[in-house]
There are 4 protein chains.
Amino acid sequence: MSPLSEEQLMKRQEARRRQILEAALKVFAVRGLRGAKMSMIADEAKLSAGQLYRFFESKEELFVTLIRQVAQDTTREIAMIHDLPGSPYDKLRAFTATILEDKSTQYPFKLIQHANTDEDVPAEAKQLLHQFSVKRYIEQLLPLFEEGQRIGDFAQDDTRRLISAFLTMLSALITLNMPLDDDHPLPNADMLMRIVAGPRSR
Amino acid sequence: MSPLSEEQLMKRQEARRRQILEAALKVFAVRGLRGAKMSMIADEAKLSAGQLYRFFESKEELFVTLIRQVAQDTTREIAMIHDLPGSPYDKLRAFTATILEDKSTQYPFKLIQHANTDEDVPAEAKQLLHQFSVKRYIEQLLPLFEEGQRIGDFAQDDTRRLISAFLTMLSALITLNMPLDDDHPLPNADMLMRIVAGPRSR
Amino acid sequence: MSPLSEEQLMKRQEARRRQILEAALKVFAVRGLRGAKMSMIADEAKLSAGQLYRFFESKEELFVTLIRQVAQDTTREIAMIHDLPGSPYDKLRAFTATILEDKSTQYPFKLIQHANTDEDVPAEAKQLLHQFSVKRYIEQLLPLFEEGQRIGDFAQDDTRRLISAFLTMLSALITLNMPLDDDHPLPNADMLMRIVAGPRSR
Amino acid sequence: MSPLSEEQLMKRQEARRRQILEAALKVFAVRGLRGAKMSMIADEAKLSAGQLYRFFESKEELFVTLIRQVAQDTTREIAMIHDLPGSPYDKLRAFTATILEDKSTQYPFKLIQHANTDEDVPAEAKQLLHQFSVKRYIEQLLPLFEEGQRIGDFAQDDTRRLISAFLTMLSALITLNMPLDDDHPLPNADMLMRIVAGPRSR
DNA sequence: TATGAATGAGCATTCATTCAT
DNA sequence: CATGAATGAATGCTCATTCAT
């Protein structure tokens, strides 16, 4: 008989699995599918490379699993925007600021970027993202943006297109990750909100 | 023996070198440092793989050389903004639109993005970019932005910071290259100009 | 502490050991030395992989042990031929038919084939087989064949050579296991007996 | 320009390719698909492992290519039986003797055996063999056997089944390759012909 | 000098064997 | 003792770089 109860084993398995996914998220987010080495993920997760294969059949499966999870997580993350206080503008601004400031929040977005732009990303991963993340984000944010437009705080563009533009810029900004120039920080949430608010009339 | 004069030889050498750099630009821009294979660059340049090594010691040196050249080229490219017609806003908008529409103009920017975000990019390349390209861009655009701010068309942020933000977003947008969502196109020049124009007062 | 007496323990040990050998026989017979995975043997024996190593130092030792045991078992198996009814021809034919029809009887023969033909089989195993199994089989079958020859049912070849040829063909047939062609079954016992009976005079 | 003419290059390529196939035949025949290491094939062909991949995409493709070629070669080999002198029995006996004596003729047969019995052999290879080799062999030998039966030299079994049995035994014998016992050689052609001739009436 | 063939180091993956629990 | 998790050596395959021709 095993010295650990079935339940304990399951828990440990699950913990280990999460540990790997967390490590893989960091490494894949930073280095992309090709740049990430299984050994790096193993190191980051503090286990041997061989162990990874007890949980995931291949590097590719690990990547796709991560994409799947990230699609879920970010959906949940975005859902929380509605609970923030204030007007639609305030909510979106606060949400944006949080993402731009919190490094760990950025990993998922960076991973998504890599999945969208890297070569040799399995088609399944690209599919997953388009079907389950971006489109869903737009639908999630639709009420907020419509309200923002209704009360005149948001630009009067086509709503879905406005959301898409905003997400694109936010995503790009996160991926960029590094200020182009040491003396000047990355654009902040206020800068980004100009996209949404629309231009000052000149 | 040689049917070519010394001078002709030099010319051929130089042409060959430029040919390689041009090919490398395309391939590195699209696939990044790791994704680009020397064989792809050789194919694109219509040369044998061995020839690359007569001009560049290694893939890495080729990459760094390219970065160095691109830093120069883009400086020249940006300088041309001053010759465009109209107000500072008009000039910047036209410049932005051109870049977003013309694929070949995008290669240098994509390369710079890769250099900034990819792992394993030689520190020297990152240095080069920070020192000689972005800072220089900012100084180049400074008069234009100051004029734009003076006549009230541009937001009243710290000027250098405003330029930095604009360039970051432009750069990110170019690199992104792919719309996040099939149904919605990339943000266009007008969207991007909202960053510069500043927010509509709410 | 132990709820089992020394003797009971010994018994359990011995049972366990037999259980492993039985499982290993099946797996090695079907997949050969290299194709057999220790985990498959463990599964087949309904034990953990680690347990195998309490009884056998290595995969190789397990294999050699098995060969040793199989050499003994088959000797006993063959001895039973003498108890079959009828003439030497009848006995041999019945024996052959049984082997060709009964899958479980085939495991030992398949294992022997693998041991003889696979690369990387420890020299010790090959030795063992030659010394203790085939030679012994021949000696065991010698009286039967001599009697068969005496009464004119068997071909008048050198007796040992005739036995060797018959065993070789039988062994090969068992190992082959798969008909070369879907539409035609494997040669049966009667076909094989032609070797022993000798050719029809033409 | 290349220092070698196009034609010379092609020739060398082709020679190299044949060199690899020859080496692979030996190694795969002896060790099977799994047991054969690409490095062994490279060694046998006197080139580096990396080179193999300039000619064949993968170990599997190399294996399947070999199977395809062997299916052709053996068909040609067998066709030559009709040119041998004497009666059908004489022809078949001479053919059998040649195969059993000439080691190099045995590689293709051994390879076919491995392809038929090893685990993890690509389905395509198994298909190829059943479709293009065994069935074809039977059809090729059909006239010979029918003639042999007509003149009473061959047993009166179903002709195709008789051929199948003969081929199976021949194939098994070749694969076995090693005499079961040092003191007794492998069955020879005459032994094998007993299958075809049918049993001596007892 | 130009070619592309050859090498070999690097990485994904598998599995015998060990060992913490 | 029993388990199965962990390790690491081995092997298929890729690709930067070198070098014979």
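Heavy-atom basis, side chains included; hydrogens, waters and symmetry copies ignored. Order of the sequence lines sets the chain letters (A, B, ...), proteins ahead of strands, with each chain counted from 1.
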| said: As a check on the pairing definition, encode DNA chain E in dot-bracket form, counting Watson-Crick and G-U wobble pairs whose two distances are under 3.5 Å, and using | for partners outside this strand. | reply: .||||||||||||||||||||

| message | On a heavy-atom basis, which atom in B:Ala29 and which in B:Lys110 lie closest, and how many Å separate them? | response | O-CB, 3.8 Å

Give every donor-acceptor pair under 3.5 Å between a side-chain atom in residues 14-26 of chain C and any protein atom, sequence neighbours left out.
| unit_1 | atom_1 | unit_2 | atom_2 | d |
| --- | --- | --- | --- | --- |
| C:Gln19 | NE2 | C:Ala45 | O | 2.9 |

| Nucleotide F:dT3, atom C1' - distance to NZ of C:Lys46 in whole Å | 17 Å

| task | Please report the closest heavy-atom contact between D:Ala115 and D:Leu129, naming both atoms and the distance. | result | CB-CD1, 3.3 Å

| said: What is the separation between atom CG on D:Leu52 and atom P on F:dC13, rounded to the nearest whole Å? | reply: 10 Å

| query | Rounded to the nearest Å, what distance is computed from the CD atom of residue A:Gln13 to the P atom of nucleotide F:dT3? | reply | 16 Å

| task | Take atom CD of D:Glu61 and atom C1' of F:dG12, then tell me their distance rounded to the nearest Å. | result | 14 Å

| said: Under the rule for side chain to side chain contact (heavy atoms under 4.5 Å, CB included), what residues qualify as partners of C:Arg54, not counting sequence neighbours? | reply: C:Gln13, C:Gln51

Check: protein-nucleotides 15-19 of chain F nitrogen or oxygen pairs below 3.5 Å:
| unit_1 | atom_1 | unit_2 | atom_2 | d |
| --- | --- | --- | --- | --- |
| F:dC15 | OP1 | B:Lys37 | NZ | 3.3 |
| F:dA16 | OP1 | B:Lys59 | NZ | 3.2 |
| F:dA16 | OP2 | B:Met38 | N | 3.0 |
| F:dT17 | OP2 | B:Tyr53 | OH | 2.8 |
| F:dT17 | OP2 | B:Lys59 | N | 2.9 |
| F:dT17 | O5' | B:Tyr53 | OH | 3.4 |

| Residue pairs passing the ring pair (Phe, Tyr, Trp, His ring centres under 6.0 Å) test where at least one lies in residues 19-61 of chain B, sequence neighbours excluded | B:Phe28-B:Phe63

| said: If I take atom CD1 in residue A:Ile41 and atom C1' in nucleotide E:dA12, what distance separates them, rounded to the nearest angstrom? | reply: 11 Å

Would you tabulate the side-chain donor-acceptor contacts of residues 33-42 of chain D under 3.5 Å, counting partners in other chains and residues two or more places apart, or write 'none'?
| unit_1 | atom_1 | unit_2 | atom_2 | d |
| --- | --- | --- | --- | --- |
| D:Arg34 | NH1 | D:Asp120 | OD2 | 2.4 |
| D:Lys37 | NZ | D:Arg34 | O | 3.2 |

| What residues form a salt bridge (charged side-chain N to carboxylate O under 4.0 Å, His left out) with C:Asp43, not counting sequence neighbours? | none

| task | Output all residues satisfying salt bridge (charged side-chain N to carboxylate O under 4.0 Å, His left out) with C:Glu124, sequence neighbours left out; order by chain, then residue number. | result | C:Arg68

| query | Is it the case that more than 12 heavy atoms not belonging to D:Glu61 sit under 6.0 Å from its CD atom? | reply | yes

| query | Are any of B:Arg12's side-chain N or O atoms less than 4.0 Å away from OP1 or OP2 of E:dA2? | reply | yes

| query | Got a sec? Which of residues 18-26 of chain B come in under 4.0 Å of DNA chain F, heavy atoms? | reply | none

| In whole Å, what is the span from the CZ atom of B:Arg16 to the P atom of E:dT1? | 11 Å

| Reckon B:Arg54 has a side-chain N or O less than 4.0 Å from the OP1 or OP2 of E:dT3? | no

| remark: Among the nucleotides F:dT7, F:dT3, E:dG4, whichever has the atom closest to the side chain of B:Ser48 is E:dG4

| How long is the span from the CG atom in D:Asn116 to the CD1 atom in D:Ile67, to the nearest 0.5 Å? | 8.0 Å

| Considering residues at least two apart in sequence or located in another chain, which fulfil the salt bridge (charged side-chain N to carboxylate O under 4.0 Å, His left out) criterion with C:Lys59? | none

| task | Write down the distance between CE (B:Met10) and P (E:dT1), rounded to a whole number of angstrom. | result | 13 Å

| Whole-Å distance separating the CZ atom of D:Phe28 from the C1' atom of F:dG12 | 11 Å

| request: Look at all strands and tell whether A:Leu47 reaches a base, only sugar-phosphate, or nothing, counting heavy atoms closer than 4.0 Å. | output: sugar-phosphate

| request: Kindly write out the residues that satisfy side chain to side chain donor-acceptor pair (under 3.5 Å) with B:Gln72, not counting sequence neighbours, or none if the list is empty. | output: none

